[in-house]
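Worksheet for the structure shown next.
This structure is a prediction, so every number in the text was calculated from the model and none was measured. Note on naming: letters A, B, ... go to the chains in the order of the sequence lines (proteins, then strands), and numbering restarts at 1 for each one.
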Amino acid sequence: MGDIVFDIAHMLAGGLVLVSFMLLYQDRLYALLNIYALHALMLTLSVAWQAFSQAAPHLYVTAAIALVFKAIVIPVALHRIIQRLGIHREIETVVGVGPTMLAGMGLVALSLVVILPVTPEGDPLAREDLAFALSVVLLGLLVMVTRRNAVSQVVGFMSLENGLVLAATGAKGMPLVVEISVAFSILIAFIVIGVFLFRIRERFDTVDIGALDDFRGERR
Amino acid sequence: MTGGAFDALAAILLIPIAAAAVLALLPGYRVTSRLNVAACLLTMLAALSLFVTDRPEPGQYLLVDDLNIVFIVLNTFVGFTTSVFSASYIAHELETGRLTPTYLRFYHAMYQIMMFGMNLAFVSNNIGLMWVAVELATLTTVLMVGIYRTHEALEAAWKYFILGSVGIALALFGTILVYMTARPVMGEGNDAMVWTLLIGRAAEFDPALLNVAFVFLLLGYGTKVGLAPLHAWLPDAHAEGPTPISAVLSGLLLNVALYAVLRFKILLAASPQAIAPGPLMVTMGLTSLVFASFMLYRRRDIKRMFAYSSIEHMGIIAFAFGMGGPLANFAGLLHMVMHSLTKSAIFYAVGHIAQVKGTQKIADIRGLTESHPGLGWGLVVGVVAIAGLPPLGIFMSEFLVVTSTFARQPLLAIPLVFGLLVGFGALLLRLGGLAFGEPSGGLGKSHASYAPMYAHLALVLAAGVYLPPPLVSWFQHVARLLG
């Protein structure tokens with residue numbers, strides 16, 4: 001495997017981590033969705049490059065799913081849902097941008113510290129891919145905990161899932177990758193439908209998860 | 001006879017799928033609820049036939065061995081009794097208009113798909129397939145938790161969904177890591193995900209990567225077991241969904257996730273250089289036990305209270321399996337079976353109680369033994385059993401857990417016994433108010449059948465008094481497998 005092959009894979013996976021950081025500081029829902037579409041696009045490129053460099057044609061299917069479903073269909077659908085819901089464009093964050101970014105850097109450092117020493121030296125591609133993938137997963141979790149709004153939590157979950165797909169495609173020759181990415185797409189479709197269900201329930205007047213904090217089922 | 005065994009294995013998976021398709025199409029509550037019961041009965045018979053027929057060779061995807069057969073039989077049995085309970089419960093929900101016939105059709109189809117997902121998780125020999133099956137079972141229960149479409153039900157379903165998805169995602173990352181660990185040894189492709197092949201060569205795996213993988217798997221599947229601090233979804237999901245679903249959540253779905261953790265624990269144990277998985281499970285188990293015991297005191301909703309009790313007992317089970325060794329594993333297995341039977345019986349009782357009283361608030365339910373003796377005494381026996389009083393089965397399994405802990409790690413026994421006593425006090429305190437005193441609330445008659453509840457309680461009582469030797473030796477054998 002030539003150096004250039006490795007460098008490009010490295011660059012694309014690193015790009016995914018960078019876009020994850022961009023997700024962290026968006027304070028408007030539409031911008032968040034656009035960045036998520038970019039995230040999915042990076043994933044598509046990364047997976048397609050893995051398919052090419054591993055000579056694994058079935059991974060092109062995963063790349064196609066990422067492109068059509070995650071980069072186009074889901075962002076467009078969420079755009080329309082936000083429009084119909086007329087929910088506030090501003091996202092309420094629990095923590096400020098500064099501490100969030102610092103926490104994000106800490107998480108990336110953590111995943112490098114965890115993954116690099118334990119993976120075999122002989123396979124640098126899989127090794128660094130895995131470290132990047134764990135970073136994306138942890139950053140996705142960070143997005144989920146720092147946002148109070150249901151749509152942005154969904155976006156956080158979807159970026160987390162992109163990290164998982166990156167890890168699965170980086171693991172050379174892993175079976176069931178396509179099936180797992182299809183299963184995840186179904187899961188995400190369910191979540192989006194769930195957000196939509198929130199809307200059609202007329203008694204529901206907010207998609208703000210903060211409202212859930214009031215609810216413990218313990219009211220008299 | 002391998003053909004026969006294969007057929008039984010196929011039947012366990014195919015009957016629920018076929019039944020789900022039929023139930024989704026058929027209208028009418030009487031036919032569909034009976035069909036649901038019949039499908040569950042057939043699945044259970046197929047599962048029981050696994051005992052007598054020869055086992056098929058473990059394949060690339062499916063496997064029957066001494067460990068999972070216990071889980072499958074328990075799963076299909078509780079699935080069957082819950083379907084009987086569900087038939088009478090759902091009739092009442094239709095009368096009061098909480099469910100419409102369309103939703104009922106959906107409910108029955110989902111029930112069968114959930115049974116399929118859980119059975120598939122138990123028989124899968126492929127760690128990827130196991131993950132998909134657990135995800136399927138989770139998704140169907142999410143949909144059923146939200147089926148009443150009230151404000152609270154949708155919020156509970158949403159919370160369950162988000163936390164469950166995060167758990168699932170972490171478990172998948174762990175699964176990928178296991179594959180990456182196995183790949184240099186087993187080569188690329190499907191072989192590196194087949195459990196029976198992995199276990200044979202686990203000693204050659206890179207221990208460091210396997211350790212990281214196990215942490216992710218424990219956190220991921222542990223979320224679904226409801227271990228603290230990842231339990232937040234569990235009380236809401238139990239309290240707001242239909243009670244049959246609370247019964248299967250507590251009695252079965254938690255076991256599915258626990259089974260996944262156990263499979264990976266065995267894998268880790270086969271690799272001598274890897275960390276011992278026990279202390280991690282012991283810590284999470286103890287935390288869950290003590291935390292949930294204290295939370296029991298502040299509950300005002302009856303279903304929520306028993307949901308916390310489920311966290312407590314899953315903590316005890318995780319603790320026992322984490323301790324390891326033949327005696328603690330035996331106690332863990334026994335406790336798991338007893339908890340499934342008792343907790344689902346309690347939820348059957350609670351379901352009928354909530355229906356006749358028209359409320360789930362503990363403060364509004366009093367004097368059940370006077371107003372509804374059948375239900376009230378059933379609840380009393382169930383709660384006494386779950387609190388761990390002799391002569392019922394849970395007393396015996398808890399006793400075994402405690403004695404094996406005292407023998408090996410006396411210091412750990414202190415928080416264990418403390419947690420057990422705190423939970424015991426909370427349950428008996430609440431039981432007094434619920435069961436005795438001046439009756440309050442609705443006094444209407446319940447037309448429901450109490451047979452499933454009494455059947456479970458009878459089994460728990462029988463197990464507490466006398467365990468048949470074949471069962472004991474079977475459990476001992478499985479306990480040795482668990483290491």
Side-chain angles (χ1 to χ4, degrees), chain A residues 54 56 114-115 117-120 122-123 126-127 130 133-134 137 140-141 144-145 150 153-154 156-157 160-161 163-165 167-177 179-180 182-184 186-188 190-191 194-195 197-198 200-201 203-204 207 209 211-212 214-220, chain B residues 60 126 128-129 131-132 135-136 138-139 142-143 146 149-152 154-159 161-162 165-166 168-170 172-173 175-177 179-181 183-184 187-193 206-213 215-216 235-236 239-240 298-301 303-304 360-361 363:
Chain A
Q54 294 178 18
V114 168
I115 294 292
V118 300
T119 40
D123 193 356
R127 184 177 173 212
L130 204 60
L134 183 58
V137 168
L141 276 177
M144 289 181 78
V145 295
Q153 288 197 331
V154 171
F157 177 70
L160 183 159
E161 187 259 324
L164 289 173
V165 173
T169 51
K172 209 171 165 207
M174 177 158 154
L176 293 171
V177 172
E179 288 82 349
I180 284 172
V182 171
F184 255 126
I186 294 171
L187 185 69
I188 286 178
F190 263 115
I191 302 187
V195 173
L197 269 182
F198 268 59
I200 52 174
R201 296 232 335 88
R203 271 167 286 173
F204 237 85
V207 197
I209 292 293
L212 296 196
D214 305 336
F215 164 67
R216 289 274 185 271
E218 304 282 351
R219 282 174 307 212
R220 290 233 183 212
Chain B
Q60 286 272 306
N126 184 304
L129 185 67
W131 178 83
V132 172
E135 188 203 321
L136 183 69
T138 309
L139 271 187
V142 166
L143 291 173
R149 288 164 52 84
T150 59
H151 188 91
E152 289 83 1
L154 280 181
E155 280 173 353
W158 177 259
K159 200 167 173 184
F161 196 22
I162 289 293
S165 301
V166 170
I168 275 174
L170 294 179
L172 178 61
F173 197 79
T175 308
I176 295 171
L177 286 178
Y179 168 77
M180 291 195 66
T181 322
R183 195 190 56 186
E188 286 172 21
N190 217 357
D191 279 2
M193 292 186 99
D206 176 25
L209 194 54
L210 200 58
N211 292 345
V212 178
V215 171
F216 276 99
D236 288 349
E240 302 307 334
R298 291 183 52 225
R299 299 308 96 187
R300 298 188 191 120
D301 181 302
K303 280 166 87 176
R304 203 169 281 264
Q360 289 178 201
K361 299 270 170 278

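- Within the 4.5 angstrom heavy-atom criterion, no atom of B:Ala192 approaches chain A.
- For a residue to count as touching a neighbouring chain, one of its non-hydrogen atoms must lie under 4.5 Å from one of that chain's; by this rule A:Leu141 touches chain B with the side chain only.
- In this structure, A:Leu134 and B:Phe216 have side chains that are in contact, with non-hydrogen atoms separated by less than 4.5 Å.
- If you measure heavy-atom distances from A:Leu164 to chain B, the contacts under 4.5 Å come from both the backbone and the side chain.
- A:Met144 CE to B:Ile162 CD1: the interatomic distance, rounded to the nearest 0.5 Å, is 4.5 Å.
- Heavy atoms closer than 4.5 Å to chain A are found nowhere in B:Leu210, neither backbone nor side chain.
- Note: A:Ile115 CD1 to B:Leu209 CG = 6.5 Å, rounded to the nearest 0.5 Å.
- For B:Val212, the part lying near chain A is the side chain, with the backbone staying farther off; criterion is any non-hydrogen pair under 4.5 Å.
- With rounding to the nearest 0.5 Å, the separation of CD in A:Glu161 from CZ in B:Phe173 is 13.5 Å.
- Only the side chain of B:Leu177 has a heavy atom closer than 4.5 Å to any heavy atom of chain A.
- No part of B:Asn211 comes within reach of chain A, as not one of its non-hydrogen atoms sits under 4.5 angstrom from that chain.
- Listed options B:Pro207, B:Ala239, B:Ala208 were ranked by heavy-atom pairs under 4.5 angstrom with chain A; first place goes to B:Ala208.
- Contact detail for A:Ala171 and B:Ile176: the closest heavy-atom pair is CB-CG2, 4.2 Å.
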